[in-house]
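Some notes on the structure that comes next.
Proteins get letters first, then strands, A, B, ... in listed order; numbering begins at 1 in each. Keep in mind that the numbers below use all heavy atoms, side chains included, and drop hydrogens, waters and symmetry copies.
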There are 2 protein chains.
Amino acid sequence: MARWDSLEQEQCSVARTVAVIGDRWSVLILRDCFLRVRRFEEFQSRLGAPRHILADRLKKLVHFGVLRRAPYQDKPARYEYILTQKGLDLYPVMMAIVHWGDVHMVDERGRPLLHEHKNCGKVFDPVLVCSECGQPIRAKEVHVHAGPGAAEGAAEELAARASASPARSR
Amino acid sequence: MARWDSLEQEQCSVARTVAVIGDRWSVLILRDCFLRVRRFEEFQSRLGAPRHILADRLKKLVHFGVLRRAPYQDKPARYEYILTQKGLDLYPVMMAIVHWGDVHMVDERGRPLLHEHKNCGKVFDPVLVCSECGQPIRAKEVHVHAGPGAAEGAAEELAARASASPARSR
DNA sequence: GCATATAGTTCGAAAATCGAACTGTCAATA
DNA sequence: TATTGACAGTTCGATTTTCGAACTATATGC
């Protein structure tokens with residue numbers, strides 16, 4: 001992953017997130033974390049991943065503060081991997097991924113899992129809404145600005161791109 | 001990607017989504033798509049990806065119906081890559097990724113990009129809410145059931161896991 | 001005839017991943 | 001006491017992917 005370390009430095013929140021969870025095993029590990037899997041052997045048997053790859057990914061997720069490695073017994077020392085708050089904050093990413101898969105990738109048998117919101121007691125879908133007005137968000141209703149951490153020239157480039165080619169020709 | 005083709009077959013919406021967008025370049029390509037990039041050369045110069053890898057990923061995204069390859073001129077024939085509805089539906093995934101990066105991976109200079117909701121005119125954050133009651137969703141407030149497309153034994157396994165280890169010991 | 005633009009393809013070298021076997025610690029069993 | 005089993009990794013050679021650089025193909029403009 002030598003080349004990919006530079007992603008962390010990029011002036012882009014997608015790139016920086018991809019540096020953390022942008023490989024297949026990491027996403028699957030996190031899926032299992034949200035299903036309360038915590039131990040090496042259990043990750044391994046569920047995922048079928050090569051053991052050293054699993055060890056590497058767990059190490060990396062700990063390094064990035066997404067998981068923490070907590071002892072659950074001495075003699076012999078054993079550790080389990082638990083989501084930190086930073087890791088728990090990936091829940092919207094996971095749910096968005098699950099929902100897209102539920103809508104676009106299911107077979108004729110339907111969804112593998114259903115999600116029930118304990119607060120209201122109903123099976124639900126996750127919906128992405130605007131923090132300010134509460135309405136669902138669609139790509140075309142969003143305008144992108146350069147923020148304080150933008151790269152040089154990003155503002156101009158975004159402006160040019162926004163005016164070019166009016167959204168859709170056909 | 002020989003081994004990963006089997007992900008598509010798995011009884012899990014995360015795995016099936018990962019089969020489509022589960023590598024680094026694909027996510028970065030999609031980021032650029034949502035910023036209205038459409039042409040091979042522009043993807044290539046923005047991403048710096050090896051050209052054959054880019055070609056391969058674009059081919060795959062078209063194969064999965066996330067992008068379509070549309071001609072924009074004859075003589076010589078030239079094509080551009082445009083998000084389909086299936087691709088546009090990945091917007092919540094992208095926004096969730098961006099937001100996590102904004103919160104957890106920014107440097108001292110702040111967010112690279114700001115998102116303005118045209119409907120309400122404000123800079124916003126994406127929030128994941130319950131489709132049924134409209135409240136924001138947290139991982140601990142969700143109970144997972146086996147759905148109609150679940151694997152054999154999934155229901156029992158989930159039930160066992162839900163009762164085990166009451167959420168957090170320390 | 002030659003440079004430029006666009007969208008790829010080809011190829012050998014380098015890096016990541018693979019499966020299988022091995023290591024180390026300790027408890028329980030024979 | 002020797003052996004087996006559970007757990008959490010590490011090591012290793014073979015395979016697969018990715019990398020960077022060069023090359024191909026089509027057409028326009030000088």
Between atom [atom1] in [X] and atom [atom2] in [N], what is the gap in whole Å?
{"X": "B/K60", "N": "D/dT17", "atom1": "NZ", "atom2": "P", "answer": "9 Å"}
{"X": "A/Y79", "N": "C/dT25", "atom1": "OH", "atom2": "P", "answer": "13 Å"}
{"X": "B/R57", "N": "D/dT18", "atom1": "CZ", "atom2": "C1'", "answer": "8 Å"}
{"X": "A/D56", "N": "C/dT17", "atom1": "CG", "atom2": "P", "answer": "7 Å"}
{"X": "B/R78", "N": "C/dT4", "atom1": "CZ", "atom2": "C1'", "answer": "12 Å"}
{"X": "A/E41", "N": "D/dG9", "atom1": "CD", "atom2": "P", "answer": "9 Å"}
{"X": "A/I53", "N": "D/dT10", "atom1": "CD1", "atom2": "P", "answer": "12 Å"}

Quick check against the 3.5 Å criterion: does [X] have a side-chain atom that pairs as donor or acceptor with the backbone of [Y]?
{"X": "A/R46", "Y": "A/D32", "answer": "no"}
{"X": "B/T17", "Y": "A/I97", "answer": "yes"}
{"X": "A/T84", "Y": "A/R68", "answer": "no"}

Distance below 4.0 Å between [X] side-chain N/O and [N] OP1 or OP2:
{"X": "B/K75", "N": "D/dA25", "result": "no"}
{"X": "B/K59", "N": "C/dA7", "result": "no"}
{"X": "B/Y81", "N": "C/dT6", "result": "no"}
{"X": "A/W25", "N": "C/dC18", "result": "yes"}
{"X": "B/R38", "N": "C/dT6", "result": "no"}
{"X": "B/R69", "N": "C/dG8", "result": "yes"}

**Prompt:** What about B/R39: does its side chain form a donor-acceptor pair under 3.5 Å with the base of C/dA7?
**Reply:**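 Side chain to base: no pair below 3.5 Å.
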**Request:** Classify the angle between the aromatic ring planes of A/H143 and A/H145 as parallel (below 30°), tilted (30 to 60°) or perpendicular (above 60°).
**Result:**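 Because their plane-to-plane angle is over 60°, the rings of A/H143 and A/H145 count as perpendicular.
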**Request:** Select base, sugar-phosphate, or nothing to describe what B/F43 touches, counting heavy atoms under 4.0 Å on all strands.
**Result:**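 Nothing, no nucleic acid heavy atom in range.
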**Prompt:** Between B/K118 and A/E141, is there a side-chain N and carboxylate O pair less than 4.0 Å apart?
**Reply:**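 Not counted as a salt bridge, because no side-chain N and carboxylate O are separated by less than 4.0 Å.
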